[in-house]
Novice: 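Input: one structure, supplied below.
Nothing here was measured: the structure is a model prediction, and the numbers come from that model. We use all heavy atoms of the structure for the numbers below, so side chains are in, but hydrogens, waters and symmetry mates are not. First the proteins, then the strands, lettered A, B, ... as listed; each starts at 1.
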Amino acid sequence: MPSRAEEQLLPKAYDFRDVETRWYEEWMKKGLFTATMDRDKPSFSMVIPPPNVTGVLHIGHALNNTLQDILVRYKRMDGYNTLWVPGTDHAGIATQNVVERQLAAEGLTRHDIGREKFIERVWEWKAKSGGRIIEQLKRLGCSCDWSRERFTMDEGLSRAVREVFVRLYEEGLIYRGDYIINWCPRCHTALADIEVDHDLSKGKLWYIRYPVAQEDRDDSGPEYVVVATTRPETMLGDTAVAVNPDDQRYKALVGKHLILPLVNRRIPVIADEHVDPEFGTGAVKVTPAHDFNDFEIARRHDLPFVNIFDVNAKLTEEAGPYKGMDRFEARQKVLEDLEAQGLLDHEEEYDLAAGKCYRCKTVVEPKLSKQWFVKIEPLARPALEAVRQGKTRIVPPGWIRTYEEWMTNIRDWCISRQIWWGHRIPAWTCEKCGHVTVARTAPEKCPECGSRDLVQESDVLDTWFSSALWPFSTLGWPDKTRELEFFYPTSVLITSFDILFFWVARMMMMGLHFMEDVPFYYVYLHALVRDAQGQKMSKSKGNVIDPLTIMDQYGTDAVRFTLAAFAAQGRDIKLSEERIQGYRHFVNKIWNAARLVLMHGSDLKDYEDLVRPERLSSAEKWILSRLERTISKTRTALDEFNFDVAAKGLYQFFWHEYCDWYLELSKPDLSGQNPRRADISRAVALYVLDSSLRLLHPFMPFVTEELWHHLPGKTECIMVSQFPKPRPEHIFQEAEREIELLKTIITGIRNIRAELGIHPGSKVRAVFLPHSEAAGAAIERHQNEIAILARVSETEQIASDRGKPRGAASFITEDVEIFVPLAGLVDISQEMKKLEKERGKVEKELAKVQGKLGNENFLKKAPAEIVKKEKEKKEALEARLEKIQKHFRMLEEAE
RNA sequence: GGGCGGAUAGCUCAGUUGGGAGAGCACCGGCCUUACAAGCCGGGGGUCACAGGUUCAAGCCCUGUUCCGCCUACCA
């Protein structure tokens with residue numbers, strides 16, 4: 001039966017379900033997430049990596065946003081003007097795909113309904129289901145300023161996009177040109193280089209014979225040249241064969257012609273440095289329209305471009321008899337035909353990295369087409385410098401090199417996409433004179449010829465173009481807003497390393513160019529969340545841990561704390577349910593500790609005033625001192641983005657110091673007869689709980705908020721309370737030493753009891769032989785605690801070996817020898833075995849130390865401090881050994 | 001091909017100027033001790049991947065080797 005006091009207080013187990021929704025609503029209602037712009041406070045701002053509107057919260061989002069929320073809650077409590085800007089990304093291809101699939105279910109394609117209607121459909125979809133992920137972020141407890149939520153295609157951001165495009169165009173940094181680009185035949189659009197994934201797959205290298213043209217053949221020369229290719233179908237678009245200029249084997253053939261099999265085109269043999277004579281046969285087929293290298297070779301040698309693929313990667317008329325075939329079908333047919341004509345020399349197994357569309361995994365096709373590009377070098381240079389000079393610091397710093405590498409080898413950015421959903425390129429072509437006008441708003445007539453017959457560019461911009469502006473476009477740019485003034489540059493960007501190039505680098509470039517300052521002072525790159533075996537989570541492998549499911553199961557606080565505790569820099573997070581379960585236990589532990597403390601002190605409103613050093617016991621000083629160290633540790637760790645260190649430190653402190661020792665030590669006082677003592681120990685318990693809850697709040701917002709309101713006298717929310725500040729006057733070194741000794745003594749007795757198999761219910765007698773006055777005094781002072789925590793009935797102090805009890809179990813430390821005399825209960829031979837083992841250990845250690853001290857070089861070269869330490873260690877070990885031996889002899893006699 | 005990171009207890013990892021090998025989980029034993037069995041108490045367990053080197057002293061610094069990740073790249 002629970003007591004009346006218990007009933008009034010907290011339920012026995014924490015039920016997160018209603019607490020989480022209740023407090024989130026309360027925070028929203030009170031407007032606690034809303035940024036203020038108070039001149040007296042420093043600013044702390046972040047922009048969320050905008051999830052795709054199509055997104056569903058996955059474990060990566062959970063990690064990313066948990067870390068951001070921890071930081072922003074910490075800073076908010078620590079007195080900053082905090083702003084965390086939330087929002088979503090329109091995610092061009094991804095979103096278009098979703099709506100196209102819906103259309104397909106109705107038997108329609110986007111072309112059936114037309115561009116305008118299609119875009120309407122996408123907006124409808126967005127209005128209906130686009131906000132899902134935002135709701136999920138709220139479940140996670142994210143304290144974003146929802147009043148400032150943005151969308152990359154809302155009106156303001158679209159205006160920023162047009163502004164940037166026009167300015168870059170006017171500065172000559174955006175141009176349009178015919179280039180070879182990566183084409184996704186499924187998405188029907190160009191892709192930027194980094195939107196193409198390369199993974200190694202098994203393939204073949206086919207060796208094909210290209211006959212030398214009749215008129216160029218001489219009697220001594222070869223009949224054909226053998227070229228190697230992984231993609232035989234592209235031969236239909238060949239316009240040359242290249243060899244290295246220094247390659248003696250082919251020297252005579254340069255300038256002559258070959259007959260391209262199957263299509264019988266005459267193609268020249270050319271010499272180009274690019275060709276590696278060591279690879280394959282040293283002769284390369286050149287397909288200018290369908291290979292990046294060949295494109296470059298063709299430009300150098302002025303070769304024609306033969307386009308053999310259409311938008312679906314089906315063969316065009318240029319491919320003659322193969323017209324209309326799919327590229328892979330054509331590959332088979334080409335090989336068959338070559339074989340039939342005896343032109344297939346041989347084939348080899350070969351691993352190759354075929355490029356795949358990062359959205360749909362279709363093998364991309366290099367393709368020639370007219371696209372818009374950003375001239376990247378003038379933008380990349382300052383972005384590179386800013387990191388080199390430390391204006392923006394990348395954490396962990398290992399990524400700096402990768403960033404530099406990429407920034408120095410970067411190619412122009414292809415920004416046009418042949419899809420419909422996105423920011424339409426603000427360029428209009430005059431149908432009459434062909435003049436292209438780039439403008440912020442649609443021009444009425446052609447500035448060249450005055451024609452009103454203008455057609456807007458049908459392409460849209462790469463999704464990442466608008467994301468690149470996110471840190472300033474969300475703050476109101478191009479207007480000069482107060483937000484920009486207050487919060488730009490933002491303080492920190494927290495994101496996953498896999499979008500370092502896609503996003504971070506581009507924000508750096510755009511921020512520096514348009515705001516003339518870095519977009520953020522710190523970039524913290526976190527790892528990927530993997531499964532317990534280190535495998536990437538994927539639906540097909542079935543190893544996905546769904547954050548929503550586990551939040552339902554274990555509560556949001558447990559999930560958040562787990563993610564933080566495993567967020568070690570530079571390492572992937574291997575997550576398993578077991579770990580989350582473990583931290584749910586921690587949530588429960590906090591709950592129950594609070595329950596105990598509140599049972600005794602729910603009415604003690606002035607507990608903070610009662611905590612005065614001069615009135616405290618050593619245990620109370622000790623816990624304050626430990627708290628103090630935990631506060632500093634937590635702050636430092638958070639300031640350095642060591643979320644794991646902060647989380648684990650709090651766990652260790654709260655569970656293993658506050659609960660295991662302080663609360664246990666204070667129980668006698670809490671329910672004792674001395675009201676003054678009881679008040680103080682209640683006050684300290686409350687004070688430490690109060691501080692701990694505030695330290696834990698950024699990690700576990702819900703349970704801490706709930707408990708906070710049960711503390712006496714709390715009316716405001718914990719999320720706007722003060723984050724604990726260092727109080728050096730709460731460091732008590734003397735008390736720390738004393739309690740550590742007490743812990744050793746209690747553990748020692750417990751150890752003896754456990755080894756002798758004494759029932760926890762029965763009490764023992766303990767005899768102490770302290771090695772110092774301080775130790776003796778401490779034992780004296782803490783008799784009561786020892787009695788309770790080690791279940792000791794009576795204690796006795798002796799001054800020398802003479803008083804030692806015969807036939808006792810012992811525990812020997814540097815400061816004190818402990819004996820538990822248990823006539824009849826001690827198995828003496830057992831006890832001797834234990835001592836023997838102990839003696840072995842000490843002897844071994846002693847031998848090591850003696851070896852060092854016997855080494856002249858050590859004495860000569862090691863720092864005096866170290867030598868001294870070793871000497872002290874030797875003495876301590878010798879003393880200990882002597883005591884063990886004495887006790888051993890005594891047992892022998894007793895036997 | 002280039003670059004980066006990792007190898008420490010059964011598992012996941014920490015170990016910050018080189019000077020006493022640690023945590024959590026798992027495991028074993030004992031306890032329903034009035035906050036918590038989602039708990040308490042106690043315990044076992046490691047040639048710090050391998051081979052050299054520097055040093056009085058190496059998990060830590062240097063060289064090489066093996067294995068495993070990841071990023072990046074235009075060898076057809």
Novice: Using the P atom on both, measure B:rC48 against B:rC11 and round to a whole Å.
Specialist: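 It comes out at 16 Å once rounded to the nearest Å.
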
Novice: With RNA chain B as reference, determine whether A:L859 or A:R411 sits nearer its 5' end, using the nearest nucleotide of each.
Specialist: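 The residue mapped nearer the 5' terminus is A:L859.
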
Novice: Mind calculating the distance between CZ (A:F858) and C1' (B:rG18) to the nearest angstrom?
Specialist: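 That distance rounds to 13 Å.
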
Novice: A:H274 side chain N/O closer than 4.0 Å to the phosphate oxygens (OP1, OP2) of B:rC75?
Specialist: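 For B:rC75, neither OP1 nor OP2 has a side-chain N or O of A:H274 closer than 4.0 Å.
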
Novice: I need the CG-C1' distance between A:L598 and B:rC36, as an integer number of Å.
Specialist: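 So the CG-C1' distance, A:L598 to B:rC36, works out to 14 Å.
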
Novice: Give the rounded distance in Å between these two atoms: NZ of A:K285 and C1' of B:rC74.
Specialist: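 Going from NZ in A:K285 over to C1' in B:rC74 covers 14 Å.
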
Novice: Can you tell me how far apart CZ (A:F699) and CG (A:L563) are? Round to the nearest 0.5 Å.
Specialist: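 With rounding to 0.5 Å, CZ (A:F699) is 12.0 Å from CG (A:L563).
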
Novice: Quick check on B:rG43: is either OP1 or OP2 less than 4.0 Å from any side-chain nitrogen or oxygen of A:N751?
Specialist: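 The answer is yes; a side-chain N or O of A:N751 sits under 4.0 Å from OP1 or OP2.
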
Novice: Within the structure, does a side-chain N or O atom of A:R750 lie under 4.0 Å from either OP1 or OP2 of B:rG42?
Specialist: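 Yes, such a contact exists.
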
Novice: Please check: side-chain N/O of A:D272 versus main-chain N/O of A:I297, any donor-acceptor pairing under 3.5 Å?
Specialist: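 Checking the backbone N and O of A:I297 against the side chain of A:D272, no donor-acceptor pair under 3.5 Å is found.
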
Novice: Got a second to check how far A:L236's CG is from A:L260's CG, nearest 0.5 Å?
Specialist: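 Answer rounded to 0.5 Å: 7.0 Å.
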
Novice: Among B:rA38, B:rC56, B:rC75, which is the nearest nucleotide to the side chain of A:R584?
Specialist: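 Comparing B:rA38, B:rC56, B:rC75 against the side chain of A:R584, the answer is B:rA38.
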
Novice: In this structure, how many angstroms lie between the C1' atom of B:rA23 and the CZ atom of A:F586, rounded?
Specialist: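 Atom-to-atom, A:F586 to B:rA23, this comes out as 14 Å.
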
Novice: Closest-nucleotide mapping onto RNA chain B: is A:K852 or A:F501 further toward the 5' terminus? I mean the 5' end.
Specialist: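 Closer to the 5' end of RNA chain B: A:K852.
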
Novice: Nearest-Å distance, CG (A:L500) to C1' (B:rC4)?
Specialist: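 It works out to 13 Å between those atoms.
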
Novice: Categorize A:V227 for me: base, sugar-phosphate, or nothing, with a 4.0 angstrom heavy-atom threshold over every strand shown.
Specialist: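 It contacts nothing in the nucleic acid.
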
Novice: Reading RNA chain B 5' to 3', how would its secondary structure be written in dot-bracket notation, given Watson-Crick and G-U pairs with both distances under 3.5 Å, brackets [ ] for crossing pairs and | for partners on other strands?
Specialist: (((((((..((((.....[..)))).(((((.......))))).....(((((..]....))))))))))))....

Novice: Roughly how many Å is it from NZ in A:K861 to P in B:rU55, rounded to a whole number?
Specialist: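 Going from A:K861 (NZ) to B:rU55 (P), I get 8 Å.
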
Novice: Cation over ring, A:K589 on A:Y658, under 6.0 Å and within 45°?
Specialist: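 Not flagged: A:K589 not positioned over aromatic ring of A:Y658.
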
Novice: Determine the interatomic distance between C1' on B:rC32 and the same-named atom on B:rC40; round to the nearest Å.
Specialist: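 These two C1' atoms come out 10 Å apart once rounded.
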
Novice: Please measure how far the C1' atom in B:rG69 lies from the corresponding atom in B:rG29, and state the result in whole Å.
Specialist: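 Here B:rG69 and B:rG29 have their C1' atoms 40 Å from each other.
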
Novice: Have A:S496 and A:D498 got a donor and an acceptor in their side chains that come within less than 3.5 Å?
Specialist: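 On atom types as modelled, these side chains qualify, holding a pair under 3.5 Å.
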
Novice: May I ask you to say what A:T747 touches in the nucleic acid, namely base, sugar-phosphate or nothing, with a heavy-atom cut-off under 4.0 Å?
Specialist: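 Sugar-phosphate: the residue A:T747, judged by heavy atoms under 4.0 Å, touches backbone atoms but no base.
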
Novice: A:D197 CG to B:rU72 C1': how many Å, rounded?
Specialist: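 The answer, rounded to whole Å, is 12 Å.
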
Novice: For nucleotides B:rU12 and B:rU65, find the distance between their P atoms and express it as a whole number of Å.
Specialist: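 One P to the other, the span is 27 Å.
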
Novice: Strictly below 4.0 Å, heavy-atom distances to any atom of RNA chain B: list the hits from residues 654-667 of chain A, or just say none.
Specialist: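 Those residues are A:W655, A:H656, A:C659, A:D660, A:E664, A:K667.
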
Novice: Test side-chain hydrogen bond (donor to acceptor under 3.5 Å, both in side chains) on A:W206 and A:E347; report intermediate values, then the result.
Specialist: CA-CA 4 Å; A:W206 286 276; A:E347 57 182 58; 3.1 Å; yes

Novice: Does B:rC36 have its OP1 or OP2 closer than 4.0 Å to a side-chain nitrogen or oxygen of A:K12?
Specialist: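 Affirmative; the distance criterion is met.
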
Novice: Students often mix this up, so state it plainly: with edges at 30° and 60°, are the rings of A:Y651 and A:F586 parallel, tilted or perpendicular?
Specialist: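 A:Y651 and A:F586: tilted rings.
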
Novice: Figure out the NE2/P separation between A:H526 and B:rC71, and round it to whole Å.
Specialist: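 A:H526 atom NE2 is separated from B:rC71 atom P by 15 Å.
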
Novice: Would you indicate what A:K873 reaches in the nucleic acid, counting non-hydrogen atoms under 4.0 angstrom: base, sugar-phosphate, or nothing?
Specialist: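 If one applies the 4.0 Å heavy-atom cut-off, A:K873 turns out to touch the sugar-phosphate alone, with no base involved.
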
Novice: Kindly indicate whether the side chain of A:T556, heavy atoms from C-beta on, has any atom under 4.5 Å from the side chain of A:F561.
Specialist: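 When only atoms from C-beta onward are counted, A:F561 and A:T556 do not touch, as no gap falls below 4.5 Å.
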
Novice: What is the nucleic acid contact for A:N855, judged by heavy atoms within less than 4.0 Å: base, sugar-phosphate only, or nothing?
Specialist: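 Here A:N855 touches the backbone only, sparing every base.
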
Novice: Decide if the gap between the ring center of A:F305 and the ring center of A:F295 is smaller than 6.0 angstrom.
Specialist: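 Yes - the distance between ring centres of A:F305 and A:F295 falls below the 6.0 Å cut-off.
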
Novice: Hey, does A:R401 reach any base, or is it just sugar-phosphate, or nothing, if we go heavy atoms under 4.0 Å?
Specialist: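 It contacts sugar-phosphate atoms only.
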
